[in-house]
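Numbers for residues simply follow the sequence, beginning at 1. Excluded from the calculations below are hydrogen atoms, water molecules and symmetry mates; all remaining heavy atoms, backbone and side chain alike, are included.
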Amino acid sequence: MDSRITLPCSNGFTLHTDGENIIIATKKTEEIIPISRVQSFSLKEPGLAYGKIVFTTAQAATTGVNIGFGISAALGAEKTFFYSKGALGTAKQFRDVVMDYEKRASQPTPAPAGAPVSAVEEIRGLKALLDEGILTQEEFEAKKKQLLGI
């Protein structure tokens, strides 16, 4: 899948994906957001006129609102963009690039064959076996002590 997508949006905004980044461009400015900082993403298909893309980023809020009773809400980390019916296919490609990035990032990278496994990693694996009931507490403790050289 091509990771370079350009989606024209309303109000002079254009969204781009370029490798690991989302680029929000206007005629005068450009904001680059790493896809890894996207916490949530949604695409609403067009109804009568426009579709909508909303994503929330892991960044400091640009402003806050005091709701009252000691409750406040942060604003600024959510981005909303509207696109035309004709750009639905491109919007879906944009969504797929972002969502596929999240899937790739969440998958653990396997250690190369023959690579040494750290004692901590091995203990974590043994703990999982203990939690599943495959190992007894005594077996787990004995192996842990062996790995830690105790």
Side-chain angles (χ1 to χ4, degrees), residues 1-135 140 143-144 147-148:
M1 174 184 304
D2 185 13
S3 64
R4 293 179 182 261
I5 307 294
T6 298
L7 176 65
C9 297
S10 64
N11 296 333
F13 286 99
T14 304
L15 295 178
H16 304 276
T17 59
D18 184 10
E20 298 183 355
N21 296 310
I22 294 173
I23 302 166
I24 303 169
T26 65
K27 288 183 181 182
K28 295 183 181 182
T29 64
E30 186 175 278
E31 180 181 3
I32 299 173
I33 299 171
I35 295 174
S36 62
R37 297 192 64 167
V38 173
Q39 293 179 325
S40 67
F41 186 95
S42 69
L43 178 137
K44 182 178 179 194
E45 294 191 14
L48 296 175
Y50 290 100
K52 179 167 72 169
I53 286 181
V54 179
F55 60 91
T56 305
T57 60
Q59 68 183 32
T62 57
T63 187
V65 175
N66 186 353
I67 298 172
F69 304 107
I71 301 171
S72 62
L75 301 175
E78 183 174 279
K79 311 281 187 186
T80 303
F81 300 92
F82 297 93
Y83 63 92
S84 68
K85 276 186 173 185
L88 176 60
T90 305
K92 286 181 176 181
Q93 290 176 339
F94 187 90
R95 175 203 57 204
D96 293 346
V97 167
V98 173
M99 300 307 283
D100 286 348
Y101 181 86
E102 290 177 3
K103 288 177 193 171
R104 286 191 312 273
S106 67
Q107 293 176 347
T109 53
V117 177
S118 74
V120 173
E121 290 170 355
E122 195 164 341
I123 291 170
R124 285 184 178 141
L126 292 170
K127 175 70 169 113
L129 294 174
L130 172 67
D131 293 344
E132 293 174 24
I134 296 170
L135 289 179
F140 171 75
K143 187 66 177 172
K144 183 173 87 170
L147 289 168
L148 295 174

Check: For Y50, does the OH atom have more than 12 heavy-atom neighbours from other residues, nucleotides or ligands under 6.0 Å away?
Finding: no

Next item on the list: Would you give the length of the straight line joining atom NZ of K144 to atom CG of L130, rounded to the nearest 0.5 angstrom?
Entry: 10.0 Å

Next item on the list: Give, for atom CD1 of I22 and atom CD1 of I32, the distance between the pair rounded to the nearest 0.5 Å.
Entry: 11.5 Å

Listed pairs under 3.5 Å, donor-acceptor, residues 80-87 side chains, sequence neighbours left out:
from, atom 1, to, atom 2, distance (Å)
Y83, OH, K44, O, 3.0
K85, NZ, G47, O, 3.4

Check: Shortest non-hydrogen contact from I23 to E30?
Finding: CG2-CG, 3.3 Å

Check: Nearest 0.5 Å, what's the CG-CD distance between D100 and Q93?
Finding: 11.5 Å

Next item on the list: Nearest 0.5 Å please: distance from the OG atom of S42 over to the CE atom of M99.
Entry: 9.5 Å

Check: Does the side chain of E20 come within less than 4.5 Å of I35's, by heavy atoms?
Finding: no

Check: Could you state the interatomic distance from CD1 (I24) to CG (L15), rounded to the nearest 0.5 Å?
Finding: 6.0 Å

Next item on the list: Only counting residues at least two apart or in another chain, list the ones meeting side chain to side chain donor-acceptor pair (under 3.5 Å) with N11.
Entry: none

Note to self: For D131, is there an ion pair with K127 - N to carboxylate O distance below 4.0 angstrom?
What the structure shows: yes

Next item on the list: Could you grab the distance from atom CZ of R95 to atom CD1 of I53, nearest 0.5 Å is fine?
Entry: 9.0 Å

Checklist line | Expected output: side-chain T17 to main-chain I5 donor-acceptor under 3.5 Å | finding: yes

